[in-house]
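Worksheet for the structure shown next.
For reference, positions follow the sequence shown, starting with 1. The basis for the numbers below is simple: all heavy atoms, side chains too, and nothing from hydrogens, waters or symmetry mates.
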Amino acid sequence: MGHTSLEKIIALQKKTPHIRNLCILAHVDHGKTTLADCLVASNGIISSRLAGKLRYLDSREDEQIRGITMKSSAISLHYTTGGNEYLINLIDSPGHVDFSSEVSTAVRLCDGAIVVVDAVEGVCPQTQVVLRQAWLENIRPVLVINKIDRLIVELKLTSQEAYTHLQKILEQVNAVTGSLFTSKVLEERAEKDAEAQSSCTENGSGDQVYDWSAGLEETDDSDLYFSPDRGNVVFASAIDGWGFSIHQFAEMYSQKMGIRSSVLLKTLWGDFYLNAKAKKIMKGAQSKGKKPLFVQLVLDNIWSMYDAVVTRRDKEKVEKMVTSLGLKVMSRDLRHSDPKVLLSAICSQWLPVSQAVLSMVCEKLPSPAEISAERVEKLMSVGARRFDSLPEQTQELKKGECMLKLPEGCSAADVLPSVPHMACCTVDSLYLLMGRELEELDEVPTGNVLGIGGMEEFILKSATISTSPSCPPFTPLNFEATPIVRVAVEPKHPSEMPKLVRGMRLLNQADPCAEVLIQETGEHVLVTAGEVHLQRCLDDLRERFAKIEISASKPIIPFRETVIRPPKVDMVNEDMGKQQKVAVIHQVKEEQTKYPEGVQVDSTGLVTLTTPNKMATVGVRAIPLPEEVTRLLEDNVELIRTMEQFSLFAWEDKTLDINQKILENIQEFKVKLESNLQGRKWRGAVERIWAFGPRRCGPNILLNSVEGYRRPSVWQCLEREKETEKAEIRDFDNSIASGFQLATLSGPMCEEPLMGVCFSVETWDMKLSAPLAQQDSIDEDSQTAEPNIDNQNESSDTHETNASSASSNRSRSGAEAAGSSVDCYGPFSGQLIAAMKEACRYAFQAKPQRLMAAMYTCEIMATAEVLGRVYAVLSKREGRVLQEEMKEGTDMFIIKAVLPVAESFGFADEIRKRTSGLASPQLVFSHWEVISSDPFWVPTTEEEYLHFGEKADSSNQALKYMNAVRRRKGLYVEEKIVEHAEKQRTLSKNK
């Protein structure tokens, strides 16, 4: 087929029912870009001989060098089938786990997806991820089983064995889809049950009979699964240029054998065989030991083709085959020394892969006009809002409209209502995406994929563009990878700083997963999903966005600090006896002298601290939170933010409307917290929560255990229906919370945020003289005008300075009246914040402290002969293997392990080097894990001295991490310059 002209594509863009928007999804190295090459070659954009070698849609230099796709690329293709002309907007997406955010954006744009699976490796971890992403976005997938040539050439399977192997792969893919479907049905069922139960309790009906069928029987799931006889599966070898669906062979054989093609379609895949005598298709091939139809009529032909062309190179047989198929093969291909050239010349005419895939796409995938109402409503229902609760104007936007360039001299309307985060802009230019090129267009009708120019000033990360101001922003994308690897970036020449800032802003817009932020220290920090992603972002900054030389720091590895319950065993796994505990108590008494004046620590870990002016005393205790609670707090950050916002509005006597669904979620969150905080010491703790931290929504809790102090609950939003008596807030309540926020933001070990710690305020006494209290409450009001200290805006700052200048005159007279000098210590609220912060830090240090490391889950596919080397690399890098299983029907093992992020740099390269490229890891951030060793540990018992030696100079991993972070932050590191003097030798005698 010749090259399609731009005019043709513009004409096709107007026929929405004949447009197909689709993306190619798969695990890394399963053949997405090679398949895309074959489809692109069908339009004459590249030569069919170069398909698979050129990798046309990998347009970046680093993609070509590494051999993996890193950025999604789009191209528009023209295809004619059954007398209809179709426009196919194809997006090739990456398979590497670091770039799964690119997959999310590609899936959002499309109405269908081609899922590619390697015939040898089968369903891999990333295949499951992409199937889930397609499911979440409600788009219809079709399946291409690629690399079937490897079953013949590498695994040397017979056609019968290959058929069994392909059946297993189909079962695996359908099992993933089935599990997604089941979970959806069960969720819906649970919601219905909850509604039914609430209505039952209202009606007061008697015993309820529970139906265990769970709705799975009634729900129709027949259209979900992949099956060759339904036409949504293609078998292919993209590198050799061939592919087929059963439909093609059914058409071919119906003419030869005189059997209707509809019968062949149903029987070509399955347990059917051909009875040659009766010339009938019979059931039960397996039980009778006969060859199934698929093997006899389809696979045997392909196997014999490979046998003649590649294995035996039988020229006569090849010529016979070519003439019987009625193909024309050039004589130079027949004489070529590489048999693969001849093979692809024959197969690409006999069974062209582009024809099989594109005809399946046109038949089975929906056009943009057929988008399901459910998907539109889901896109428009942002947050917890339901579609029917949106305004009528908004609901009418379901229909869509085309995009035009404004004529010259027109400007965008300025009559828009002022809505936060909404800007009005003019679209400068529209583009057709053609792989490596862009074609400028004047208009783009609905249902097309396009490029828009001139939006960089208005869009921060992602945005919804609409001609109507009543359009809600679409729901955010589902990202599988979390950005965790951060580096500080600076220009080589400081004068080029503005270019770097602009470049980082462009990078932030261009990459859905990268985050750009400025730390308190003034460093520009880039946060990425992994090592490969980091490298690509830095290359982009240098070459595309900033276009300057930059220097990046070593990766900044995040840690968290926590406390644990006192350990039962010591470092040599000996049970801690009473003598040991006595020794610890003595140690505490000795340490008492270390604390500064005004700080008292008792044996139970209660820290009492007095402010410098001796006016207030705070008693704080640190308690480790159960692991489930920490996880629960991390998962519900958005809910905690909403609760905090409600409390803030209540503080200012305003009301914030919260959607009913969010209220239900908050109630459920509260119930879960109560169920996880069981036991005597947590009695009533959930009701006494004062604040969450750091930044008012983190995984630490401040508890109010002060006797006789009842303050408004953080759960006020749930209690607004019940009219409760208004709880009184004491003066300086906010100072205590602010001190807690500061303490949890940077812990005492290495100034990293805390995690999983509960600070219980047990005493809080104030001896304030009346004028001072009056003066400071004015100070306090001026501070609490905006309680979030980190993000105070300018207006509150000016308010605060005015208030403090007014109060300073009053305070002087008040102080003189009280006859005491207060000014030398500064405002009292500030003293209380500092005292609370210090009390929290000392309380933290009074308990056994530990570091928490960020962990990756690591999935490695490796062959049996390199397993030992994989384990060696993992153990060297503090990894821990969770499970290992052999993949059915292959010699591949799948190893699941966890690995600290701190040890992961260079891990993928090392594994590839050690295993000669036979194993490749996929790393995804998973969770935070406590490092079991104590960073401050020194040997105390006899057994520990025997085991670790007097100096205990075997490396303490936690201490090593802690010192590295302290050194990076410029904090004091306790280490000797000369560590073991007796081990050094004098070099003077060598003179």
Side-chain angles (χ1 to χ4, degrees), residues 21-30 32 69 72 91-118 121-146 169-190 216 219 221 223-226 232-233 364-366 371-372 374-375 378-379 381 474-483 512-513 529-530 533 635 856-859 861 883 885 887 894 896 922-927:
N21 295 327
L22 61 118
C23 50
I24 306 182
L25 311 174
H27 186 81
V28 66
D29 284 337
H30 276 201
K32 293 180 292 301
T69 307
S72 295
I91 300 178
D92 178 31
S93 65
H96 195 285
V97 70
D98 278 12
F99 307 110
S100 60
S101 57
E102 294 278 341
V103 179
S104 305
T105 47
V107 166
R108 171 60 61 90
L109 291 175
C110 296
D111 307 301
I114 300 174
V115 177
V116 183
V117 176
D118 186 329
E121 291 183 4
V123 174
C124 294
Q126 208 58 22
T127 316
Q128 297 180 2
V129 170
V130 296
L131 280 167
R132 185 165 68 246
Q133 282 177 313
W135 174 265
L136 288 172
E137 284 289 347
N138 218 346
I139 69 170
R140 195 180 300 169
V142 289
L143 185 68
V144 172
I145 297 181
N146 192 20
I169 287 175
L170 261 174
E171 275 171 29
Q172 288 170 5
V173 180
N174 284 333
V176 175
T177 315
S179 65
L180 291 167
F181 169 74
T182 311
S183 62
K184 181 193 172 191
V185 171
L186 293 178
E187 270 174 33
E188 285 174 359
R189 176 64 193 235
L216 281 171
T219 325
D221 59 350
D223 60 332
L224 286 176
Y225 299 115
F226 300 106
N232 58 3
V233 180
K364 295 292 168 191
L365 295 185
I371 182 169
S372 64
E374 185 190 352
R375 188 178 177 206
K378 207 171 164 187
L379 277 178
S381 310
F474 287 171
T475 48
L477 296 164
N478 303 299
F479 287 148
E480 294 289 332
T482 322
C513 194
H533 187 209
D635 294 343
Y856 276 137
T857 44
C858 166
E859 297 204 346
M861 292 190 71
Q883 70 177 94
E885 55 184 41
K887 215 164 174 29
I894 294 186
K896 283 190 178 152
Q922 295 263 19
L923 299 170
V924 187
F925 173 68
S926 154
H927 64 288

- Keeping the roles fixed (side chain from K887, backbone from V123), state whether a donor-acceptor pair exists under 3.5 Å. yes
- Task: Report yes if some heavy atom in the side chain of T475 is under 4.5 Å from a heavy atom in the side chain of R108; otherwise report no.
- Result: yes
- Message: Under the rule for side chain to side chain donor-acceptor pair (under 3.5 Å), what residues qualify as partners of H533, not counting sequence neighbours?
- Response: D511
- Item | For V924, all residues meeting side chain to side chain contact (heavy atoms under 4.5 Å, CB included), sequence neighbours excluded | V97, T857
- Task: Please identify each residue that fulfils salt bridge (charged side-chain N to carboxylate O under 4.0 Å, His left out) with D111, with sequence neighbours left out.
- Result: R375
- Looking at residues at least two apart in the chain, or sitting in another chain, which of them share a side chain to side chain donor-acceptor pair (under 3.5 Å) with E187? none
- Message: According to salt bridge (charged side-chain N to carboxylate O under 4.0 Å, His left out), who are the partners of D29, at least two apart in sequence or on a separate chain?
- Response: none
- Using side chain to side chain contact (heavy atoms under 4.5 Å, CB included) as the criterion, list what pairs up with T177, not counting sequence neighbours. L224, Y225, F226
- Query: Can you name the closest pair of heavy atoms from A134 and L25 and give their distance?
  - Reply: CB-CD1, 4.3 Å
- Query: Short question: side chain of S926, backbone of Y856 - any donor-acceptor pair under 3.5 Å?
  - Reply: no
- Message: My understanding is that only residues two or more places apart in sequence, or in another chain, count here; which of them pass side chain to side chain contact (heavy atoms under 4.5 Å, CB included) with S179?
- Response: none
- Message: Checking R140 now: which residues fulfil salt bridge (charged side-chain N to carboxylate O under 4.0 Å, His left out) with it, not counting sequence neighbours?
- Response: none
- Message: Can you list everything that forms a side chain to side chain donor-acceptor pair (under 3.5 Å) with S100? Sequence neighbours excluded, please.
- Response: none
- Item | Heavy-atom side-chain proximity of P125 to E859 below 4.5 angstrom | yes
- Note on the structure: Hits for side chain to side chain contact (heavy atoms under 4.5 Å, CB included) against D635, two or more places apart or cross-chain, chain-then-number order -> R631
- With sequence neighbours excluded, what pairs up with E121 under the side chain to side chain donor-acceptor pair (under 3.5 Å) test? H30
- Note on the structure: The complete set of side chain to side chain donor-acceptor pair (under 3.5 Å) pairs with one or both residues in residues 123-132, sequence neighbours excluded, reads R132-E480
